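Beneath this line is the structure, given in structure tokens, with notes to follow.
These figures come from a predicted structure and were not determined experimentally.
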Amino acid sequence: MTSDVTGVDLEGLLGQALRTMDGEARWTADSDEMWCRVAPLSGARREQGWKLHLSATAASAAAVLGKALEVLLREDSGFKFARSLEQVSALNSRATPRGSSGKFLTVYPRSDADAARLARDLHRATAGLAGPRILSDQPYAAHSLVHYRYGSFVGRRRLSDDGLMVWFIEDPDGNPVEDRRTGRYSPPSWAVSPFPASVPAPPRPAPTAQDAAGGPVVLGGRFAVREAIRHTNKGGVYRGSDVRTGDLVVIKEARPHVEADASGRDVRDWLRTEARTLEKLRGTGLAPEPLALFEHGGHLFLAQDEVPGVTLRTWVAEHFRDAGADRYRADALAQVARLVDLVAAAHAHGCVLRDFTPGNIMVRPDGELRLIDLELAVLDDATALPTRVGTPGFSAPERLADAPVRPTADYYSLGATACFVLAGKVPHLLPDEPAGRPPEQRLAAWLAACTRPLGLPSGLAELVLGLMKDDPAERWDPARAREALGGAHLVRPGSRTAHRAARDDEALDPVAGIVDHLVDSMTPADDRRLWPVSTTAGESDPCTVQQGAAGVLAVLTRYGELTGDARLPGLISTAGRWIADRTDPRSAPRPGLHFGGRGTAWALYEAGRAVDDRRLTDHALALALAPQQVTPHHDITHGTAGSGLAALHLWHRTGDPRFAELAVDAADRLTAAVQRDATAVSWPVPGQADPAEAGSSEAGKRYLGFAHGLAGIGCFLLAASAVSRRPEHRELAVAAGEHLLAEAVLVGEAAQWPAQASDLPTAPYWCHGSAGIGTFLVRLWQATGDDRFGDLARRSTHAVMERASRAALTQCHGLAGNGDFLLDMADATGDPVYRAMAADLARIVLGERAHRNGHVVFPNEYGDVSTGWSDGSAGILAFLVRLRHNGSRHWTVQVPG
């Protein structure tokens, strides 16, 4: 939605208020990209307590700030506020996480008494002004902009038992407790509220909501809520029933002031638009039938009949998983034809969709398609609400710039949705900087790279490219798309009649471009992070393999040894010392390979050897030999198997018997911890080691994959058995392999596995799926000669290749890790077909690269640029370097045959 913000300067309002109230001598202010922070010159701030939040909209922010300053500048409690109206709009966006949405202004009271008094005064001062409810907090009173919660006042963080950084507070005994920031008010049980009993706005319906009599919540006097489909900042979507007729319904909610612009429009206006669109399409069979538009508790709701089936996004994932690649390809063609007809029919009824995506299309049990979530649809150009809201990858570029409404934008979305159905993905093409290769050219290169693995004939690639042309005037319309479909014939994946990957730009060597990016983005003066990483999925220790400096250092060390790049010895020494300065062997390092101290030690030792830096190697050995924190985890990433694998590597490198002893001890502990039943061995995920942590949702799960489960543990035990010479270690590794044989799901030529026994098969990645399990099975085949393990490893390569066009690019959940498995297969079997497969994956990876000022970068699963091992450039570089130069795989130990 267009924020339509004015030129109001919020920081200027602060300066004016300070001058007016003679506050410049009492207050100090500083700003960053998001916040303006204001602190009294006298008095220290508490570390935790009851804090206040005020909400506002882009239209009301200036007034809210002005009224709040009249109260706050007479007090001595620090506060912060969003520094611009653009930031206010971002806080109120429909996409903002529910735990942080709406928090325009935060106050840090000096005492509980101050908190209660300030809440009262701020409530009175801002009464009648507009702002959304803050979902993580308790409102001070009904319809108040003032909210409160108990939490941290300062940036105190610690590593959780999962190895991720979390905010924390302390309980009355001084124990750390995670300061959870969710979309629900949940104060600690020991925190006594100083506020008077409030009168909160009526509660939102929830999956288990009941009225006072114990029955389901009934909205609008007519619609009984059964369960929530999803909750977002803009409101929930619920399944329910019409109490008058018994018919199944879907109820959509719009919260006041979310996505509000300076003119006062918000998501409620979009829900009203959807209601008008459904009324226009009533009886056409293109969309749900509208039932009622009504208010409840100040929120707006739209009830419509429920369309049975699943979204197209879900259909693509589940049908590909269940039908197998060959059958899916034929069914995908029929589905694309239905999509073309659906867009044509909508346009014939005067409806421009503006958000045609796989998530907004339902596939009925009979295969027919229906449009849903039509809040952005337009029936009349003159009444179209302006918006930049859209779905990246599916919305036409001019749509995201709020260009005038044109059907040609829907053609682009049709092409992207067809691409998603055919390939399982639309590539995330980050913009080149400076702008260079046209997006149309880059998309063509990616589709060409996918052609051989996917079996996509040229006619379908041309259809997608025709619909998604950069120039809206040149895009194919549905009629031309339908003609192209009539002549399309599928070819078998790997067929030599399929197109080879186009070489769209060879001026910049991609491997060199990745290395340049890693070299130039290192910031040794930054005390927090040596290389930039994405924190969308959480932030880990800055020194570890998973997401920290050790992962990047290991890859650059290997690259420097292979190429003799003159820039790298100094960089490796600097990076190694940065890590050494922040890892203390005396502080009980965390266990595990990817999240733990021994993985870091592995990288430091190799770096020190490469540059002949005795300080680094000595520090690495001390870190690796240091007593670790006690862990209940057994796996490679966080636990005993990962620590043992690193010890094995260092024993092979140094010959120091202490490392052999550590590896054997790890194998003994895993042997003692194994759980056996009549048919299987397993190491369940434990509960949290730290009693102060909340209970883990992972506790008790019996994962099969490499990162967190059976395959990784078995792989370590197999390698350890060659050192320990104890038959129980090898027998346990073989038993793990037998269990994986039993759990394999064979679909066509492909072997897949569930994340846990008896689940549905998961994606074939290193973390949980076929690539990681195949990594273990091929080694087990080499060690035992048992062809059952080798056969499943070979079948795993089919699972990897069938999903090639659908995957992310990275090591943990993507093509880099899958490609490393294929290279393992090439090394183990000597069959060049696996190296050719790996090369095909590399072409797909490179098809999504972006050029940034001479650097090469890639999007991770969330569309961010990251340098890390698991989700970024370092892991991708490791695969590409190995493909180019051969050599062993990172973080593995060769098992003697």
Side-chain angles (χ1 to χ4, degrees), residues 1-14 30-38 51-65 68 79-107 126 129-137 145 147 149 155 167 181-183 231-235 254-270 355 375-376 385-393 395 397 399-402 428 430-431 532 534-537 539 859 862-865:
M1 180 178 297
T2 302
S3 52
D4 191 27
V5 294
T6 66
V8 172
D9 178 7
L10 296 179
E11 290 185 88
L13 292 178
L14 171 66
D30 66 86
S31 300
D32 58 22
E33 184 177 337
M34 180 72 193
W35 302 105
C36 179
R37 293 178 171 84
V38 187
K51 56 185 175 181
L52 309 178
H53 290 114
L54 276 71
S55 67
T57 69
S60 70
V64 172
L65 180 60
F79 60 95
K80 69 177 183 181
F81 59 89
R83 64 175 299 186
S84 70
L85 296 186
E86 289 82 3
Q87 302 292 9
V88 176
S89 295
L91 285 170
N92 294 338
S93 165
R94 66 180 69 194
T96 301
R98 285 157 43 86
S100 56
S101 65
K103 298 176 181 178
F104 163 57
L105 189 151
T106 305
V107 185
T126 59
L129 297 176
R133 180 172 179 179
I134 297 173
L135 298 175
S136 64
D137 291 24
L145 299 190
H147 302 69
R149 69 181 292 268
W167 303 101
R181 297 162 184 201
T182 68
H231 285 299
T232 66
N233 191 36
K234 69 177 179 178
R255 295 203 306 126
H257 310 304
V258 173
E259 200 81 43
D261 61 22
S263 68
R265 290 187 297 257
D266 61 29
V267 290
R268 293 172 294 179
D269 294 283
W270 296 99
D355 199 23
E375 58 191 21
L376 299 186
L385 293 175
T387 182
R388 287 184 168 86
V389 168
T391 305
S395 296
R399 260 275 299 109
L400 298 178
D402 195 23
H428 194 119
L430 297 168
S534 168
T535 58
T536 302
E539 184 177 354
Y862 305 99
D864 301 327
V865 173

Discussion item. I'd like to know if the side chain of Arg94 reaches the main chain of Thr232, judged simply by a donor and an acceptor atom lying under 3.5 Å from each other, with no hydrogens or angles considered.
Written reply: no

Practice prompt. Quick one: list whatever passes side-chain hydrogen bond (donor to acceptor under 3.5 Å, both in side chains) with Thr96, sequence neighbours left out.
Written response: none

Worksheet entry | Ser55 side chain vs Pro132 backbone, donor-acceptor pair below 3.5 Å | yes

Practice prompt. Over all heavy atoms of both residues, which pair between His428 and Gly863 is shortest? Give the atoms and the distance, please.
Written response: CE1-CA, 3.6 Å

Discussion item. Tell me every residue that passes side chain to side chain contact (heavy atoms under 4.5 Å, CB included) with Pro97, counting only those two or more places apart in sequence or in another chain.
Written reply: Ser100

Discussion item. Could you work out, with salt bridge (Lys or Arg N to Asp or Glu O under 4.0 Å) as the rule, every residue matching Arg268, not counting sequence neighbours?
Written reply: Asp266

Worksheet item: Would you find a donor on one side and an acceptor on the other, under 3.5 Å apart, between the side chain of Asn233 and the backbone of Ser93?
Response: yes

Practice prompt. Return the set of residues passing salt bridge (Lys or Arg N to Asp or Glu O under 4.0 Å) with Asp355 (not counting sequence neighbours), or none when no residue passes.
Written response: none

Worksheet entry | Side-chain (Asp137) to main-chain (Leu52) donor-acceptor, under 3.5 angstrom | no

Discussion item. Asp30: which residues meet the side-chain hydrogen bond (donor to acceptor under 3.5 Å, both in side chains) condition with it, sequence neighbours left out?
Written reply: none

Practice prompt. Output all residues satisfying side-chain hydrogen bond (donor to acceptor under 3.5 Å, both in side chains) with Thr182, sequence neighbours left out; order by chain, then residue number.
Written response: none

Discussion item. Taking Glu11's backbone N and O only, do any of them form a donor-acceptor pair with Arg83's side chain (distance below 3.5 Å, no angle check)?
Written reply: no

